[in-house]
Amino acid sequence: MRKMTKLAIAVDLHRCIGCNTCALACKMQNNVPDGMLWNRVLTENCSLYDGAEGTYPNLTRTYLPLNCQHCENPACMKVCPTGATYKDEMGRVEIDYDKCIGCRMCMAACPYNARVFNWNEPARSTGFAYGDARVPERGKGIMEKCTLCKERTDNGEEPMCVRCCPADARIFGDLDNPDSEISKLRREGNVRVLLEEMGTKPQMFYVG
Amino acid sequence: MDKTMKSPLVIALAVIAVIGAGTWVFQLMNGLGVTGMDNVVSWGLYLACFLFFGGLASGSLALAASIELFDLKEWKPIELPAVVCALVCICCAGLCVMLDLGGVSRVWRMIVGLNIESPLAWDMLVIVASIIVDIVFLRALAVGKNARTIACIALPLAILCVAVESWVFGMQVAKEAWGAMLAPVFVASSLDSGLALVLLVCLGLKSQAIEIGAGLLSKLSRLLMVLVAVDFFLIFCEVATAAYTGEALAELVLTGSLAPLFWVNVLVGLVLPFVILAMGENRQNPAIVCAASALVLVGVLCKRCWVLLSGFMVPNIAAAPGVTLGTAAAQTGGAVNAWALAGAYLPTLPEIVIVVAVFALAALAYIVVYSKVANKA
């Protein structure tokens, strides 16, 4: 029997400094076009980036990197009429771009606004495609999102956002392996998942 | 039939439809970015019209099937127009979905490799079933055969169709504003808008020469009045509950960005027609009943819009700078144009032209199909 894998990313919010390196590393690696991000860094409960919660002098600030949560019960997968969105054997939620008909049902279903759609022909201000040549190109009318860097994680490498984080705030690993760093982190406690009440069972979690 | 095809109205409608088709080609070439939709409000006018046409189709089909099943002999004159309305409208509903697709050339993937768990899959199946049932029903009426059997299937199918359309929205856990209540709300507005359409078509299209006697007119307008009241009650339940529990929906529709659509729906589309039809002498006046029907249709279209948009206006995770929009402005304008904390939507000119063309096509199709079928009957 094949060993099960459940790849996931965890973010240590005490370490995240909101530098956006992960957001741009992802954009670069995956050839994400202008006008959208697969991974975005948000300032929780604020209307301005780098804002703060509370009233002076009792202020707090939490940066929240947000990408596809690679849910165990993905709402997007259930509603995709062509089966373009699927959960693979490594526990990642992926999109088969050939099957996507651009109906955007998955976008309405995702509670996290994690998906981005190519409303226009993808534009790149560089004038050329960038990043990893293994990453497939997506044309207009196709949905895309964080793939957990499929091309890298297929080969045992870690996703680019994890690799590039200067604060070591992102931890990547196999949740089905009890000895992995990410599983140990989960057991330590002080862990939260986003929008738990929606029942999508996100594999991504946040510490602190 | 020839005279129909050459009438100025038919030619004008055909021209509008052709302009719409050209605009759709423009949209295919440039992408859905030519519309007002973005990564926050990812469904807009096209799907609002899909819901509108779907409701009209189900409402008129339910009306025709009821006339057959409950043997309402006095109502027979409107049965055939109702079935033609149902067929034309369900086809236009399907068309609206196709116009909204980003990759319409791959729509065959919905047949090969269909994911039966998806509400869109169920939607496709009920629409196809409705088209088949409508055609069988129409043929039965046209050649004078017994339509009772097909009416037995048509009535529950019509209601199922509306329910499935509501589930495309209501079964999404991600959107608080869309819930289980959407199914009865949609059924109510499909019934009153369907009846309003049939009344408008029968009374308004003089060339079709459909005889509605004073007795029938009075009954139909009284039914419309009751259906409008039910529609109002269900919306009231939904919004009052949201207001009491402090859900975002209440603020959005009562005083927020969706308020114009909501109040037009309620005041112009429900309260005003009800008040008009509440007076007996108005119910017997064809012109006034036509006007009230038109108001109901405007109101229901507004309703489809605010119900659809209500799911998108407030993203679940309230954090700056928000969601990356993916629009053309986002592509060229940098960070200022790329982010949004909340939903904002206005249809663009190409979107409006395409939708107007679909309405023109519906009217054109109705006129052509009805004259063909009425000649046979």
Side-chain angles (χ1 to χ4, degrees), chain A residues 33-38 40-51 62-64 66 75-85 98-105 107-113 115-125 139-143 194-195 197-200, chain B residues 28 30-35 37-40 42-43 97 100-110 112-115 117-121 123-124 168-169 171-175 178 311-312 315-334 337-339 341:
Chain A
D34 289 349
M36 50 198 206
L37 290 173
W38 284 9
R40 47 196 166 113
V41 181
L42 305 171
T43 315
E44 256 195 332
N45 296 320
C46 290
S47 54
L48 219 60
Y49 192 70
D50 288 338
T62 312
Y63 291 113
L64 189 75
L66 186 58
C76 55
M77 183 176 90
K78 237 179 167 175
V79 300
C80 175
T82 60
T85 293
D98 290 331
K99 291 187 182 170
C100 177
I101 59 172
C103 69
R104 305 174 320 281
M105 177 100 215
M107 208 164 192
C110 175
Y112 308 96
N113 284 99
R115 288 168 165 261
V116 284
F117 187 67
N118 284 292
W119 297 97
N120 309 287
E121 199 63 58
R124 292 182 174 84
S125 49
K140 75 171 188 286
I142 298 197
M143 188 68 71
L194 297 177
L195 302 178
E197 67 278 10
M198 299 255 169
T200 51
Chain B
L28 282 178
N30 292 290
L32 283 166
V34 304
T35 67
M37 297 184 277
D38 55 43
N39 287 337
V40 181
S42 46
W43 279 339
V97 176
D100 185 66
L101 292 180
V104 68
S105 57
R106 288 181 294 279
V107 75
W108 58 269
R109 294 269 185 193
M110 275 193 77
V112 174
L114 183 70
N115 172 19
E117 273 194 307
S118 166
L120 281 188
D123 205 19
M124 180 183 77
V168 168
F169 301 87
M171 285 190 178
Q172 299 326 306
V173 69
K175 312 297 188 197
W178 301 337
F312 294 112
N316 291 328
I317 295 182
V323 177
T324 55
L325 291 172
T327 55
Q331 284 177 329
T332 51
N337 291 324
W339 297 89
L341 278 171

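Below, chain A is the first sequence line, B the second, and so on; all start at residue 1.
- Distance CG/B:Leu32 to OG1/B:Thr327: 13.0 Å, rounded to 0.5 Å.
- Heavy atoms of B:Gln331 lying under 4.5 Å from chain A belong to its backbone as well as its side chain.
- Nearest heavy-atom pair across A:Leu194 and A:Leu66 is CD1-CD1, 3.4 Å.
- Between chain B and the residues A:Gly139, A:Pro81, A:Cys80, the most heavy-atom pairs under 4.5 angstrom are made by A:Pro81.
- For A:Met77, the part lying near chain B is the backbone, with the side chain staying farther off; criterion is any non-hydrogen pair under 4.5 Å.
- Options B:Gly102, B:Gly31, B:Ala320 differ in how many heavy-atom pairs under 4.5 Å they form with chain A, and the most are formed by B:Ala320.
- Taking the six-membered ring for Trp, B:Phe169 and B:Trp43 have ring centres closer than 6.0 Å.
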Exercise for review: List the steps, then state whether side-chain contact (heavy atoms from CB on, under 4.5 Å) holds for A:Trp119 with B:Asn39.
Suggested key: CA-CA 9 Å; A:Trp119 297 97; B:Asn39 287 337; 2.8 Å; yes
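- Chain A forms more heavy-atom pairs under 4.5 Å with one residue of B:Leu325, B:Val40, B:Asn30 than with any other, namely B:Asn30.
- Side chain of B:Thr324 to backbone of B:Gly326: no donor-acceptor contact under 3.5 angstrom is found.
- Taking A:Glu44, A:Glu197, A:Glu121, A:Met107 one by one and counting their heavy-atom pairs under 4.5 Å with chain B, the maximum is reached by A:Met107.
- In terms of heavy-atom pairs under 4.5 angstrom with chain A, the leader among B:Ala338, B:Ala318, B:Gly311 is B:Ala318.
- Of the two parts of A:Asn118, neither the backbone nor the side chain holds a non-hydrogen atom closer than 4.5 Å to a non-hydrogen atom of chain B.
- For A:Cys110, the part lying near chain B is the backbone, with the side chain staying farther off; criterion is any non-hydrogen pair under 4.5 Å.
- Looking at B:Met124, neither its backbone nor its side chain comes within 4.5 Å of chain A, counting heavy atoms on both sides.
- Checking side-chain atoms of B:Asn115 against main-chain N and O of A:Lys78 turns up a donor-acceptor pair under 3.5 Å.
- A distance-only check finds no donor-acceptor pair linking the side chain of B:Arg109 to the backbone of A:Thr82 [under 3.5 Å].
- Contact count against chain A (heavy-atom pairs under 4.5 Å) is highest for B:Ala174 among B:Pro321, B:Ala174, B:Gly322.
- The candidate with the highest count of non-hydrogen atom pairs below 4.5 Å against chain B, out of A:Arg115, A:Lys140, A:Arg104, is A:Arg104.
- Of all the listed residues (B:Gln172, B:Arg106, B:Met110), the one sharing the greatest number of non-hydrogen pairs under 4.5 Å with chain A is B:Arg106.
- Chosen from A:Asp50, A:Thr62, A:Asp98, A:Val41, the residue pairing most often with chain B at heavy-atom distances under 4.5 Å is A:Asp98.
- Of the atoms belonging to A:Leu195, it is side-chain heavy atoms, and not backbone ones, that fall under 4.5 Å from chain B.
- Ranked by heavy-atom pairs under 4.5 Å with chain A, the list B:Asn316, B:Val107, B:Val104 is led by B:Asn316.
- Here the closest heavy-atom approach between residue A:Ala109 and residue A:Ala75 is recorded as O-CB, 3.5 Å.
- With a 4.5 Å cut-off on non-hydrogen atoms, B:Val168 touches chain A through its backbone and its side chain both.
- Looking at A:Pro33, neither its backbone nor its side chain comes within 4.5 Å of chain B, counting heavy atoms on both sides.
- The closest side-chain heavy-atom distance from B:Ile317 to A:Leu64 is below 4.5 Å.
- Considering only heavy atoms from C-beta on, B:Asp100 stays 4.5 Å or farther from A:Cys103 through its side chain.
- Side-chain atoms of A:Val116 and A:Leu37, non-hydrogen and from C-beta on, never get closer than 4.5 Å to each other.
- Judged purely by atom type and a 3.5 angstrom limit, A:Tyr49 has no side-chain atom pairing as donor or acceptor with the backbone of B:Ala319.
- Heavy-atom distances place both the backbone and the side chain of B:Ser42 under 4.5 Å from chain A.
- For B:Trp339, the part sitting under 4.5 Å from any heavy atom of chain A is the side chain, from C-beta outward, and nothing else.
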